[in-house]
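Reminder, nothing fancy here: chain letters follow the sequence lines and each chain counts from 1. Heavy atoms only: backbone and side chains are in, while hydrogens, waters and symmetry mates are out.
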Amino acid sequence: MKDIDEQLKELFMEAVKAVAAKRGVELPEGFDIFLERPRRPELGDWATTVAMQLAKTFGERPFDLANEIISNLPQNPHVEHIAVAGPGFINISLTREWEASLLREILSSPEEYGRSDLGGGRRVQVEFVSANPTGPLHVGHGRGAAVGDVTANILAMAGWRVEREYYINDAGLQMELLGRSVQSRYFELLGEPEKAPFPEDGYKGDYTYDLARGIIEAEGDRFLKVRLEESLPAFITRSAREILKWIKKDLDDFRVHFDVWYSEKALYEKNLVDETISFLRNRGYTYEKDGALWFRSTAFGDEKDRVLIRSNGSPTYFASDVAYHKDKFDRGFDMVVDVWGADHHGYIPRMKAAVQALGRSPDDLKILLIQLVNLFSGEGQVSMSKRSGEFVTLRQVIDEVGVDATRYFFLMRRCDSPLDFDLELAKRASLENPVFYVQYACARINSIFREAASRGVCLPPVEALDIASLGTAEERKLIKTLSTFPEEVEGAAGELAPHRLVNFAYQLAGDFHVFYNANRVLGAGESLEQSRLLLVRATQLVLEKTLGLLGISIPERM
RNA sequence: GCGCCCGUAGCUCAACGGGAUAGAGCAACGGACUUCUAAUCCGUAGGUUGUGGGUUCGAGUCCCGCCGGGCGCGCCA
């Protein structure tokens, strides 16, 4: 069945065209019908403001135009009532039979419900986390991990073919610094600290000792006798490999899985950086100045040009990043989503410029900025500083508050606004904690079916649904919220805004709690009981589906 | 100094492309368990959407100024 909002759009488009033809008026270029939900539910299920938008073009009062549009509207079996309200709103109410068909659709093909063809089978890559393998993941990475993962889930639901990718920044100076830090720990542990002084700005976390111990275990003290520069690559490689193992384990436990782990080193090994620079040079987007090679990013709206190759001959990080993005598009992705820390926002214009130089639209690259996570524990703010090595790791947080609550908190706010994360609150099993509120709804639903089973009552067949019997305000509200799921998924996909789905889950759980408190399911009388059981089942399917997208588990009981 | 983002109830936040009477939760107060789980529900109170202009049928949303906060402005990554 075609979505009801699509059907309504077509009806109104026909009506508007008919009116336009009668009046001999030309519709504005690219005119489209925009449907919205009335703010007050008693006004109807849908509303449109076409009459107000077109009043000027038609030279008529919005109110009169609205009435004219209505009288030209083709019939539709799902439409119960249409009325003009206020200055020219057109409000539409749908039939109860439409509600019934919606519930039947959810019950009979839950897999399909909420799925859309927005992506049209196009390929999208979501690249996220991408932390240097220089230390364990901290909470900021965790937020990016949750946002990237759920964004990918949502895009898949909206008809995109999705790949998740982690870009391993394993080629830069930071890796060298890590190697030297661990090397210094190695000498220190073996009693010769003076031979390998700890580097300035080195990585100070305790984990560097763990890494050094691991190397001692595997290699003994043989590096003591080797020149530092000679053994450094071994320290870098071994440390990076080990840290990457930790990172994979953390992400795995956080229910985040990648299709591709892409190494920055591989970019160089495949010569893609040089190739990309040649590509830009051949198209005249580069020039030499002060002994360096520059990219003319100002030609694409950046505020200044950017260096690709330093005067000392080595490529910049930006150069490898352009090569990386070229490779993404060369791999056939129609859209590329990057999830970055918000402190990188100044980097966006040059990256968008690069994408254009590569011959793509700047809109083919979407960038999600992840704002800071402020950790609180009760009263005090937990300080975070990579410099001192005393940052809070993702591991610590999920061990302390659990994966469900951590994911929920990371996802509940729009990702570009800073997040206050109260560890005490997230752990607390109380009404202040929204995770439990949502999960509790699942547990209650399960307990209804458990109790039903113990009474010998099974889930009735879909045909047993009698929509007329589901007439209480709480039932109507619950059905209405269920009906918004597809548009919520589409909205979240279109805006790349996973937090909207968290709000939906909370809303649906709330509507269920209200329903539950006001309406008894079991023992309500045979026909009503059956219809309510089906409504509860539909709620369960949609709620579990939403939590599935969010990567939050569904408790049997609480 | 320049650029980007933000400012909504005491607190944390919603408000989908400009739409109708700006919504939730927490905190406060008062109520509801003989019931499928009270980790729930119902009610009360709480607002000049930082501020001053502008655009229009209509502005929390768009434009300009100001105030306050965050971030960025490397041949770092």
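- The gap from the C1' atom of B/C5 to that of B/G10 amounts to 26 Å, rounded to the nearest Å.
- Ranking B/A14, B/A20, B/G17 by closeness to the A/Lys9 side chain, first place goes to B/G17.
- Stacking is found between A/Phe89 and the pyrimidine-like six-membered ring of the B/A20 base under the 5.5 Å centre-distance and 30° plane-angle cut-offs.
- The residue A/Arg557 sits close to a base: some heavy atom pair falls under 4.0 Å.
- When distances run from any side-chain atom of A/Tyr506 to the nucleotides B/C13, B/G17, B/A24, the shortest one goes to B/A24.
- Side-chain rings of A/Phe485 and A/Phe504 approach one another, their centers coming within less than 6.0 Å.
- Taking the side chain of A/Thr49 as heavy atoms from C-beta on, and the options B/A77, B/G19, B/A38, the nearest nucleotide is B/G19.
- Between B/U40, B/U35, B/G19, one nucleotide has an atom nearer to the side chain of A/Arg520 than all others, and that is B/U35.
- Within 4.0 Å (heavy atoms only), A/Ala55 reaches no atom of the nucleic acid at all.
- Ring geometry, A/Tyr347 versus A/Trp340: the interplanar angle exceeds 60°, so the pair is classed perpendicular (tilted spans 30 to 60°).
- Residue A/Leu43 is classed as a base contact, given a heavy-atom separation below 4.0 Å to a base.
- Within the nucleic acid shown, A/His344 comes within 4.0 Å of at least one base atom, counting heavy atoms only.
- Checking B/C36, B/G19, B/C76 against every side-chain atom of A/Leu173, the shortest atom distance belongs to B/C76.
- With a cut-off of 3.5 Å on both pairing distances, B/U49 has no Watson-Crick or G-U wobble partner at all.
- With P as the reference atom, B/U12 and B/G7 are 13 Å apart, rounded to whole Å.
- The side chain of A/Tyr516 places no N or O atom within less than 4.0 Å of a non-bridging phosphate oxygen (OP1 or OP2) of B/A39.
- Cation-pi check for A/Arg306 over A/Trp294 is not met; the charged atom does not lie both under 6.0 angstrom from the ring centroid and within 45 degrees of its normal.
- Residue contacts shown for A/His345 include a base, since a base heavy atom lies under 4.0 Å away.
- In terms of position along RNA chain B, the nucleotide closest to A/Pro38 lies nearer the 5' end than the nucleotide closest to the other residue of the pair A/Pro38 and A/Lys56.
- Under 3.5 Å, the side chain of A/Asn91 and the base of B/A20 form at least one donor-acceptor pair of N or O atoms.
- Here B/A38 is the nucleotide among B/U12, B/A77, B/A38 with the atom lying nearest to any side-chain atom of A/Arg444.
- With no hydrogens or angles considered, no side-chain donor-acceptor pair links A/Glu474 and A/Tyr516 at under 3.5 Å.
- Between A/Lys328 and A/Glu165, none of the side-chain N atoms (NZ, or NE/NH1/NH2) sits under 4.0 Å from a carboxylate O, so this pair counts as no salt bridge.
- When heavy atoms are screened at a 4.0 angstrom cut-off, A/Val521 is found touching base atoms of the nucleic acid.
- Judged by distance alone with a 3.5 Å cut-off, no donor-acceptor contact links the side chain of A/Thr316 to the base of B/C75.
- Minimum atom distance to the side chain of A/Tyr437 is reached by B/C41, of the listed B/C16, B/C41, B/A14.
- The residue among A/Lys304 and A/Glu451 whose nearest nucleotide of RNA chain B is located toward the 5' end is A/Glu451.
- Of the N and O atoms on the side chains of A/Glu488 and A/Thr484, not one donor lies less than 3.5 Å from an acceptor on the other residue.
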